[in-house]
Asks: 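Structure below; questions to follow.
All values below come from the heavy atoms of this structure, side chains included, with hydrogens, waters and symmetry mates left out.
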Amino acid sequence: MTEIMQALSLVFILLYIKGTSSNAFMENDTDISNTTDVTGQYDFSEITESTTVPLPTPTDTLPTERDTSFPDQTGQSETTTENGVTDLPRTSTTQSAPTDPPREPWPLFDSFPNPDYSVSSLCPCNVQYGTCEANCCCDPDCTEEVSLFISCSIEKVSVNPKLCKQDVASYSLGATPEGYSTLQSSIDQEVNANILCIQKANYDAGLSYATPEMPTDVNFDTLFRKFVGFFFGTSDGSSESNQKKEDILDVYRYGDPIQTEDEAGQSGTLPLPASAGTAYCLDANPAAFLQDQTSTCMRNLDMVHDCTTLDALNWQTYSGFRIVSELITRANLVPVEMVSMVLQSVEGVQTPVDPSETTPYTPQLVNPAGAGLAVCTNVVLQVKYVVVFSEAGEITNVTVAFVLGKVNENMVPIRQTFQIEYVQQSVNKPSFKFSGNPGYIAGLPLIAGTKTADVIVLGTDPRAALSVIGSSRDQDCLSGGMKRSPVLFGLDTVSGCLLRLKDASNCTVLTETLIAVLKGKTFPDHVASFGNTLPKHTLDWVPIKNHTITATGSQECHIPLSLHLEVRWTKYGTLTNPQARIVSVTEIIAANTSSLAVLSGANGFVPVTTSVAFVDVSAPAEPGYRAAPTIDAKLPFDFFFPFV
């Protein structure tokens, strides 16, 4: 019985070994029947020594990505053997299938280089190479100039304000014991408190614009085809488009010098002297197209030698030429028409003359070697051009006005004023220049006119319709050609003239004359509320209220002695960009409160004044805030069950 049990155990063991290692036995051609002896016992040591399981070689471990083929690439497929081992075909050396080049691994997050920026080398206010910018503390060109700075135009410089942590360069000015400015700079690390910030910039090129591709002999044609349509329209090469381009380039553009031609055919530019660097006039300054300019400069001269020989003193220098209407070969020549000429005395009294009789008004030297001072007459003191141009950019008309004066040796150097103004010619609507858009701009004239049934009528010069007496030395109120100045928004002014009462014989005539002196020949009755108010919008014009102050005594003659304009304005619009709007204008005329004999005194002169005051009546703006949000949540009745 024991032998039967041993035989059955041996059979089970052999079956188990055969099922687990049949593959190994078959590869080595081992016959199990030869391992039994006569007694029926098996020698397991012999089996272990004669049978070895082959291990895969290192080259057979895993196929690389280069020699792994898939069914959709080369037509080969994986093969699974009977024992479950996958047989991967290898690429032969004689006939290889096309394979992709090895791909580089994707870089990790920390492998990107940090942006290499030095805030100490960044300077946004440095716009000129090799030149120190005023108050630009980070400009490397400013070394000795820093002592003259009054503030830093840029106090902090950073790379990107969206970074959570970055270096920031700070600039400030200190003072030396001598009172000069000294630069104080530091580089500190600043932390952004915003939770939505950039923790780490892993893309260097994302912090700056891409470097533009420079044209070379290889890529020039490609760049030209890429950008020619953007800058010059379509590049179809048609004759019509080329003709339009030539027409556009042949007209005056903004800033172009205005070309002139004299009687001898010599070309030049329209002169507009201005100060450059110093207060003295620089004659080599041409007038620029569409740029309204006003310049005042000083002119130094030798009274005896330069009075009749210096061209800058002769009015013909500024009108003895014709203007080229367009920048083309066959352009029209527009003559400069003189519309006004005013003579000014040494004391400043101005007298208008007929502009058609210009022959006797050349500079002349009076009393060069006499007992008194040498005087040069008909010297150019003021020049004003008005250039009319069409919508196509063609100059159609040019006018000029002069003020010629007498100067003596004590008035040297003299002061000269040059002005040019451009007006667009329009057939359908009259020209109208704004003083703001929409609100008034400080320093520009108030727009005023006279109201009719359905429109506001403007004068020939709407920007100077509301004016006051122009101050000058020893100006007589009763002399002709009274100088006037326009009322400029935001500028309080006081001016006047002197009245000699010994010349007054008729009180009524004197009163009417002084009213004309104070208010001007054409005094308007309405003022535009905004700087761009059109004359057809009559409801947007503010009427000028009149208030006269007269004496209640028994004076024999009441004459107006002062005119005061009170302009009330308010800020209109948003807090960030308020616009100036005129709400009321009041005209206050005050007459004398005492008799003329007491008023004039011993010298017989009475001052007559005009003044303008601008009053801001804006209510203080208070920023408003939205109401705080309220929680309107309805909870179920058993939300806190079982606690409540």
Asks: Has the side chain of Trp315 got a donor or acceptor atom that lies under 3.5 Å from a matching backbone atom of Tyr361?
Replies: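 Yes: the side chain of Trp315 pairs with the backbone of Tyr361.
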Asks: Phe614 versus Val487: any side-chain heavy-atom pair under 4.5 Å?
Replies: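 In short, these two side chains touch, coming nearer than 4.5 Å.
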Asks: Where is the tightest heavy-atom contact between Gly436 and Leu444, given as atom of each residue plus distance?
Replies: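 Closest heavy-atom pair between Gly436 and Leu444: N-CD1, 4.3 Å.
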Asks: Tell me if a side-chain donor or acceptor on Thr396 pairs with a main-chain N or O of Val388 at a distance below 3.5 Å.
Replies: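 The answer is yes, because a donor-acceptor pair under 3.5 Å joins these two groups.
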Asks: To the closest 0.5 Å, what do you measure between CD1 (Ile414) and CG (Leu313)?
Replies: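 Here the rounded value is 5.5 Å.
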Asks: Run Glu133 and Asn135 through side chain to side chain donor-acceptor pair (under 3.5 Å) and show every step you take.
Replies: CA-CA 6 Å; Glu133 310 291 337; Asn135 294 334; over 6 Å; no
Asks: Do the side chain of Gln416 and the main chain of Ala312 share a donor and acceptor less than 3.5 angstrom apart?
Replies: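 Yes; judged by distance alone, with no hydrogens or angles, the pair exists.
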Asks: For the residue pair Asn285 and Ala274, what are the closest heavy atoms and their distance?
Replies: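 Between these two residues, the closest heavy atoms are ND2-CB, 3.6 Å.
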Asks: Quick one: are Arg322 and Asp262 in side-chain contact, heavy atoms under 4.5 Å?
Replies: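 They are not in side-chain contact.
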Asks: Any side-chain to backbone donor/acceptor pair from Asp256 onto Arg253? Under 3.5 Å, distance only.
Replies: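 Flag set: sc Asp256 to bb Arg253 pair under 3.5 Å.
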Asks: Fit a plane to each ring of Phe389 and Phe289, take the angle between them on a 0 to 90° scale, and name the class: parallel (under 30°), tilted (30 to 60°) or perpendicular (over 60°).
Replies: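 Rings of Phe389 and Phe289: perpendicular, over 60°.
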Asks: Below 4.5 Å, heavy atoms only, C-beta onward: do Leu498 and Val606 meet side chain to side chain?
Replies: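 They are not in contact (no side-chain heavy atoms under 4.5 Å apart), so the answer is no.
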Asks: To the nearest 0.5 Å, what is the distance between OG1 on Thr399 and NZ on Lys384?
Replies: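 If we round to the nearest 0.5 Å, Thr399:OG1 and Lys384:NZ are 8.5 Å apart.
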Asks: Side chain to side chain contact (heavy atoms under 4.5 Å, CB included) for Val583 and Val542? Distances and angles first, verdict last.
Replies: CA-CA 7 Å; Val583 295; Val542 179; over 6 Å; no
Asks: Please determine whether ring pair (Phe, Tyr, Trp, His ring centres under 6.0 Å) holds for the pair Phe418 and Tyr318, giving the CA-CA distance in whole Å, both sets of side-chain angles, and the decisive distance to 0.1 Å.
Replies: CA-CA 10 Å; Phe418 302 91; Tyr318 308 99; 5.4 Å; yes
Asks: Less than 4.5 Å apart, any side-chain heavy atom of Val386 and any of Val423?
Replies: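 Result yes, sub-4.5 Å side-chain heavy-atom pair found.
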Asks: Can you confirm whether Ile549 sits close enough to Ile589 that some side-chain heavy atom of one is under 4.5 Å from a side-chain heavy atom of the other?
Replies: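 Not in contact.
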Asks: Identify the heavy atoms of Val146 and Ser181 that sit nearest to each other, and give their distance.
Replies: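 Minimum heavy-atom contact is O-CB, 3.4 Å.
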Asks: Closer than 3.5 angstrom, by distance alone: can the side chain of Ser325 be matched with the main-chain N or O of Ile395 as a donor-acceptor pair?
Replies: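 Pair absent, no side-chain N/O of Ser325 close to backbone of Ile395.
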Asks: Specify whether Tyr385 and Phe321 have parallel, tilted or perpendicular ring planes, treating 30° as the upper limit for parallel and 60° as the lower limit for perpendicular.
Replies: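 Answer is tilted, since the angle falls between 30° and 60°.
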Asks: In sequence, state the C-alpha distance, the side-chain angles, and the governing distance for Ile420 and Tyr422, and then conclude on side chain to side chain contact (heavy atoms under 4.5 Å, CB included).
Replies: CA-CA 7 Å; Ile420 186 168; Tyr422 294 89; 3.3 Å; yes
Asks: Is there a side chain to side chain contact (heavy atoms under 4.5 Å, CB included) between Ile447 and Trp541? Walk through the geometry before answering.
Replies: CA-CA 10 Å; Ile447 302 176; Trp541 291 73; 3.8 Å; yes
Asks: Test salt bridge (Lys or Arg N to Asp or Glu O under 4.0 Å) on Lys571 and Asp616; report intermediate values, then the result.
Replies: CA-CA 8 Å; Lys571 297 183 181 70; Asp616 186 2; 2.8 Å; yes
Asks: Which residue is it: Val468, Thr610, Ile469, Ile515? I am looking for the one with a side chain to side chain contact (heavy atoms under 4.5 Å, CB included) to Leu563.
Replies: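 When Val468, Thr610, Ile469, Ile515 are each tested with Leu563, the side chain to side chain contact (heavy atoms under 4.5 Å, CB included) holds only for Thr610.
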Asks: I'd like to know if the side chain of Thr260 reaches the main chain of Gly268, judged simply by a donor and an acceptor atom lying under 3.5 Å from each other, with no hydrogens or angles considered.
Replies: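 At least one qualifying donor-acceptor pair exists.
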Asks: Closer than 3.5 angstrom, by distance alone: can the side chain of Thr308 be matched with the main-chain N or O of Leu365 as a donor-acceptor pair?
Replies: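 No, Thr308 side chain to Leu365 backbone: no donor-acceptor pair under 3.5 Å.
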Asks: Return the minimal non-hydrogen interatomic distance between Met298 and Pro413, and the atom names on each side.
Replies: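 Heavy-atom minimum between the residues: CE-O, 3.4 Å.
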Asks: Roughly how far apart are Ser340 OG and Glu337 CD, rounded to 0.5 Å?
Replies: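 The OG atom of Ser340 sits 11.5 Å away from the CD atom of Glu337.
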Asks: About how many Å separate OG of Ser611 and CG of Leu565, when rounded to the nearest 0.5 Å?
Replies: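 One gets 7.5 Å once the value is rounded to the nearest 0.5 Å.
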Asks: Checking the side chain of Asn378 only, and the main-chain atoms of Thr362 only, is there a donor and an acceptor separated by less than 3.5 Å?
Replies: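 Checking the backbone N and O of Thr362 against the side chain of Asn378, a donor-acceptor pair under 3.5 Å is found.
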Asks: Any idea which heavy atoms bring Pro273 and Cys281 closest together, and the distance?
Replies: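 Nearest pair, atom of Pro273 first, then Cys281: CB-CB, 4.4 Å.
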Asks: Between Asp306 (side chain only) and Thr309 (backbone N and O only), is there a donor and an acceptor less than 3.5 Å apart?
Replies: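 Looks like no, no N/O pair under 3.5 Å.
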Asks: Minimum heavy-atom separation for Val380 and Asn314, please, with both atom names.
Replies: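 Minimum heavy-atom contact is CG2-C, 3.6 Å.
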Asks: Stepwise, does the salt bridge (Lys or Arg N to Asp or Glu O under 4.0 Å) test hold for Arg299 with Asp283?
Replies: CA-CA 10 Å; Arg299 180 82 64 178; Asp283 294 328; 2.9 Å; yes
Asks: To the nearest 0.5 Å, how far apart are CD in Gln128 and SG in Cys136?
Replies: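 Going from the CD atom of Gln128 to the SG atom of Cys136 covers 10.5 Å.
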Asks: Mind checking whether Trp569 and Val615 have side chains closer than 4.5 Å, heavy atoms only?
Replies: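 They are not in contact (no side-chain heavy atoms under 4.5 Å apart), so the answer is no.
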Asks: Within a strict 4.5 Å, meaning less than it, do heavy atoms of the Asp525 and Pro543 side chains meet?
Replies: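 SC-SC contact between Asp525 and Pro543 ruled out.
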Asks: Could you walk me through whether Ile456 and Thr538 pass the side chain to side chain contact (heavy atoms under 4.5 Å, CB included) check?
Replies: CA-CA 6 Å; Ile456 301 294; Thr538 57; 4.3 Å; yes
Asks: Rounded to the nearest 0.5 Å, what separates atom CG in Asn332 from atom CD in Glu326?
Replies: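 One finds 7.0 Å between CG of Asn332 and CD of Glu326.
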Asks: Centroid-to-centroid, Tyr572 to Phe530, below 6.0 Å?
Replies: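 Yes: the rings meet the under 6.0 Å criterion.
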Asks: Any side-chain heavy atom of His564 sitting closer than 4.5 Å to one from Glu566?
Replies: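 When only atoms from C-beta onward are counted, Glu566 and His564 do touch, with a gap below 4.5 Å.
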Asks: For Ser435 and Pro445, indicate whether the former's side chain and the latter's backbone hold a donor-acceptor pair under 3.5 Å.
Replies: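 Here the side-chain-to-backbone pair exists.
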Asks: Judged by modelled atom types alone, do Thr417 and Gln419 share a side-chain donor-acceptor pair under 3.5 Å?
Replies: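 Judged by distance alone, the side chains do not pair up.
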